[in-house]
S.K.: 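One structure, pasted below without further comment.
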There are 2 protein chains.
Amino acid sequence: MAATLTERRLFILKIVIQEFVETATPVASEMLVRKYGLGFSSATVRNELATLEDLGYLTHLHTSAGRVPTDAGYRFFVENLMERTSLSLAEQRMIRHQFYQVRGELDQWIQLAGAVLARTAQNASLVTPPRAEHLRFKNLELIGIHETMVLAVLVFHGGIVKQQTFSPDTARSAEDLRRSAGRISDHLADLTISQVEDVIAHDAQQLAPLFGDFERGVIDMVIHAMQTFEEQAREQIHSDGLLEMLSQPEFIPSLTRDDAERAVERLRRALEILKSGRGFGQLIPQALASEGVQVIIGGEHSEDEMREYSVVLARYGVGGTVTGVLGVIGPTRMAYPRSISTVRYISSLMSNLLGDLYAGETRPHVEGGQ
Amino acid sequence: MAATLTERRLFILKIVIQEFVETATPVASEMLVRKYGLGFSSATVRNELATLEDLGYLTHLHTSAGRVPTDAGYRFFVENLMERTSLSLAEQRMIRHQFYQVRGELDQWIQLAGAVLARTAQNASLVTPPRAEHLRFKNLELIGIHETMVLAVLVFHGGIVKQQTFSPDTARSAEDLRRSAGRISDHLADLTISQVEDVIAHDAQQLAPLFGDFERGVIDMVIHAMQTFEEQAREQIHSDGLLEMLSQPEFIPSLTRDDAERAVERLRRALEILKSGRGFGQLIPQALASEGVQVIIGGEHSEDEMREYSVVLARYGVGGTVTGVLGVIGPTRMAYPRSISTVRYISSLMSNLLGDLYAGETRPHVEGGQ
DNA sequence: CCTTAGCACTCTCGTACTGTGAGTGCTAAA
DNA sequence: TTTAGCACTCACAGTACGAGAGTGCTAAGG
């Protein structure tokens, strides 16, 4: 039972997994011998395969089919067998160039990160916007659109901007609006929601002369906007690369009836997972609390719907304050080395970009730097 | 040959289409007689069906299958047979309520419009943001994030906001930034891109004393930002409701082999169409130039990839200046009355909402108004 | 002339059966 | 310990067949 993992067995396990990842078909003993010019016969390989199966790293779908890695097999591969590579310098340069094209536009970074992850890892990707735990107010601008409509531009620390229109009870001049905005900005500068609420609650008397009905209304709106914005931010997950993932063989039905049916079902499920974000909901906070690249393989997920998928995640951001999560999701049969190096590279790239937005924070250096 | 369209034939055509839209299975003569209590036999119906087939409104997949509408059949139905309904008041109220929840947030309107269209019409939806043909500058705000990083908030007419960060060569105080922003805002107010360019090119001498290197740099950035923003806006198509569309029977494979395969293929195609926006690219400008609800059915599309789909589109917006397009896309077997009334309602709702943002423009009144 | 009952014909769909090929597991010998 | 040999298993594709649905046509009836 308790067979040992000889050098040869490790090697066979490794090539079985690599082979399966590449071809998506169960791998046979004979084939390994031929393709890799192994110095021993297929019967020997079969014996080894049987042992690896006993150890739980491989399985059989049915008696006369080739071997397929189990989740445990992938886990072992990721932990002990695969070589840690980096993206090629050419790829790195190309990616950096794309980010350079949209310099200065945070929203675009996120979109681009998703697109690049998907294309590079040939799987779906997910990116959450970088967010501080709590929004910190920085500045408010009020711009009259017409007599009864005002555009409020709220700026928060970290270059986060939110716009919101509202119609005040009484018309106000541009000058009035500017003054009001200035007064409010001065008083709320650098505060979080709860601090804003505190200030308003406690200093009501002192503020009364400065803040009329209009200003009170605006502040209420600011609080409301910050609250909903924080809530949205917590849940917001950009996903991309659906098509890339769907071009994986798992989703391309062979000619047999039930496989086609299963493929459609898988497809629909995958869609639901990506669209709703259910399935990796809990993964995000978990990843936010970790360092380095996280890999969650198939059955290791806590949700059933995810047990056919693996996720490669990494935190990115500056220091411990403004962070987001990005990663790749795909079938458990995934090119882990590539996914991992992609996620690692993009996350450090994004960290660097964000670093430029924040002064005085520690700034990790990206491989092959910018 | 040149058979006439008697009252009875029209009625039969109508119920055939309604039946097929509802059940997604070819409709048989016997079944019509039973279900609709027709006063004549199935043989008679068969004769009539044959005539309608001669006229090009129906087809046969093979000899012994029920009738299926052709594109021409749907077209005739939409034009002459279907009764124009409106969404129920309850639905209208529910939808208005949802929009009320996100009042003041233009981005959310678009997202919500897409979601509501999809859910109500049970198909995919597409929405382009409302855009003026040309951005018109309104206001610029410069906010220092730290010594070497400045956040620029550009506000355009129509409440459109764009943010952009950049790092100036030399550090500047908050007061400096405000003054620069003010000067630039004053000079560029209400201008389009080309006008901005003109001003800069022609008034170089006069402006020289006011605008130093820093201001020139900022203005260049503003021009660049406006350009890319306009380009992006032209191409931007939000789509939603992929899942709703995919729950249509067209995408749910029956148990037969080739059908399953075809379903997967359809699915993949649909995805590509929605993701890339190819396929209805030309439809958008076309819809922008038209009034009312446009229906494009199957083979009427100019692209082959779209010939299995129908699109129901409408322009929305204020006057002729700030407009967008929204609509529904799904299999040609579509509940046209419902899709059309949904699109009609949402488009007038969006027009109304936008109307509040623009003073002095004509403002069409939405059914059951807000 | 329109309607309809009757019936033959066509085509799909599901099932059952079969041969083939790939690949394993085991055994016995080297 | 390795390996040749072989029986065994199982998916897969092709074929055949019966059942069922629905049409188209024809001939009779109003």
Side-chain angles (χ1 to χ4, degrees), chain A residues 3-4 6-9 11-12 15-16 19-20 23-54 57-69 249 252-263, chain B residues 3-9 11-12 15-16 19-20 23-54 58-69 249 252-263:
Chain A
T4 48
T6 64
E7 202 65 29
R8 191 171 68 183
R9 282 175 189 151
F11 178 68
I12 289 178
I15 61 177
V16 166
E19 212 35 50
F20 182 70
T23 63
T25 34
V27 352
S29 53
E30 179 68 29
M31 191 264 232
L32 286 181
V33 174
R34 258 188 296 121
K35 182 151 174 183
Y36 288 85
L38 266 33
F40 33 88
S41 78
S42 65
T44 308
V45 175
R46 278 201 291 281
N47 286 331
E48 299 290 54
L49 290 176
T51 310
L52 287 167
E53 190 164 342
D54 284 346
Y57 295 137
L58 298 176
T59 354
H60 257 179
L61 301 196
H62 41 268
T63 325
S64 85
R67 290 321 204 287
V68 164
I252 296 178
S254 69
L255 300 176
T256 105
R257 164 158 68 272
D258 12 346
D259 189 47
E261 219 174 321
R262 238 175 294 151
Chain B
T4 48
L5 275 172
T6 63
E7 203 65 30
R8 192 171 69 183
R9 282 176 190 149
F11 179 69
I12 289 178
I15 61 179
V16 166
E19 208 42 45
F20 183 69
T23 64
T25 34
V27 351
S29 54
E30 179 68 29
M31 191 264 231
L32 286 181
V33 174
R34 257 187 297 119
K35 184 153 171 183
Y36 288 85
L38 264 34
F40 33 87
S41 78
S42 67
T44 307
V45 175
R46 279 201 291 281
N47 286 332
E48 298 292 55
L49 291 176
T51 309
L52 287 166
E53 189 165 344
D54 285 345
L58 297 177
T59 355
H60 254 182
L61 302 195
H62 38 270
T63 326
S64 86
R67 290 322 201 289
V68 166
I252 297 179
S254 68
L255 302 176
T256 105
R257 163 156 75 273
D258 13 344
D259 189 50
E261 218 174 319
R262 237 174 293 151

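Letters go in sequence order (proteins before strands), and every chain restarts at 1. Just so it is clear, the values below take in all heavy atoms, side chains as well, and ignore hydrogens, waters and symmetry mates. Everything quoted here is computed from the prediction, not taken from an experiment.
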S.K.: In whole angstrom, what separates B/D54's CG from D/dG24's C1'?
M.R.: 13 Å

S.K.: Please list, by residue number, the residues of residues 60-68 of chain A whose heavy atoms come closer than 4.0 Å to an atom of DNA chain D; answer none if no residue qualifies.
M.R.: A/H62, A/T63, A/S64

S.K.: Could you check how far CG of B/L49 sits from P of C/dT3, rounded to whole Å?
M.R.: 13 Å

S.K.: Can you give one letter per nucleotide of nucleotides 1-6 of chain D, going 5' to 3': B for a protein heavy atom under 4.0 Å from the base, S for sugar-phosphate only, - for none?
M.R.: -SBBB-

S.K.: Write down the distance between CZ (A/R34) and P (C/dG23), rounded to a whole number of angstrom.
M.R.: 8 Å

S.K.: Taking the side chain as C-beta and beyond, is there a heavy-atom pair between B/L52 and B/L5 under 4.5 Å?
M.R.: yes

S.K.: Excluding sequence neighbours, so at least two apart, what forms side chain to side chain donor-acceptor pair (under 3.5 Å) with A/T23?
M.R.: A/T25

S.K.: Could you tell me how far apart A/E53 (CD) and C/dC26 (P) are, to the nearest whole angstrom?
M.R.: 11 Å

S.K.: With rounding to the nearest 0.5 angstrom, report the CE to OG distance, B/M31 to B/S42.
M.R.: 13.0 Å

S.K.: Name every donor-acceptor pair, under 3.5 Å, that has one atom in a side chain of residues 58-69 of chain A and the other anywhere in the protein, sequence neighbours excluded.
M.R.:
{"from": "A/R67", "atom 1": "NE", "to": "A/E53", "atom 2": "OE1", "distance (Å)": "2.7"}
{"from": "A/R67", "atom 1": "NH2", "to": "A/E53", "atom 2": "OE1", "distance (Å)": "2.9"}

S.K.: Once salt bridge (charged side-chain N to carboxylate O under 4.0 Å, His left out) is applied, do any residues pair with B/E19, and if so which ones, sequence neighbours excluded?
M.R.: B/K35

S.K.: Heavy atoms, side chains only, cut-off 4.5 Å: are B/T51 and B/N47 in contact?
M.R.: no

S.K.: I want to check something: taking the side chain as every heavy atom from C-beta on, are B/F40 and B/V45 in contact at a cut-off of under 4.5 Å?
M.R.: yes

S.K.: Can you check the A/L58 CG to C/dG25 P distance for me, whole Å?
M.R.: 11 Å

S.K.: Do you know the tightest heavy-atom contact between B/V16 and B/V27?
M.R.: O-CG1, 3.7 Å

S.K.: Residues of residues 23-30 of chain B with any non-hydrogen atom less than 4.0 angstrom from an atom of DNA chain D: list those, numerically ordered, please.
M.R.: B/V27, B/A28, B/S29

S.K.: Filter on salt bridge (charged side-chain N to carboxylate O under 4.0 Å, His left out), then keep only pairs touching residues 39-52 of chain A, sequence neighbours left out; what's left?
M.R.: A/R8-A/E48, A/R9-A/E48

S.K.: My understanding is that only residues two or more places apart in sequence, or in another chain, count here; which of them pass side chain to side chain donor-acceptor pair (under 3.5 Å) with A/T44?
M.R.: A/S41

S.K.: How about B/T6 and B/F11: do any of their side-chain heavy atoms sit closer than 4.5 Å?
M.R.: no

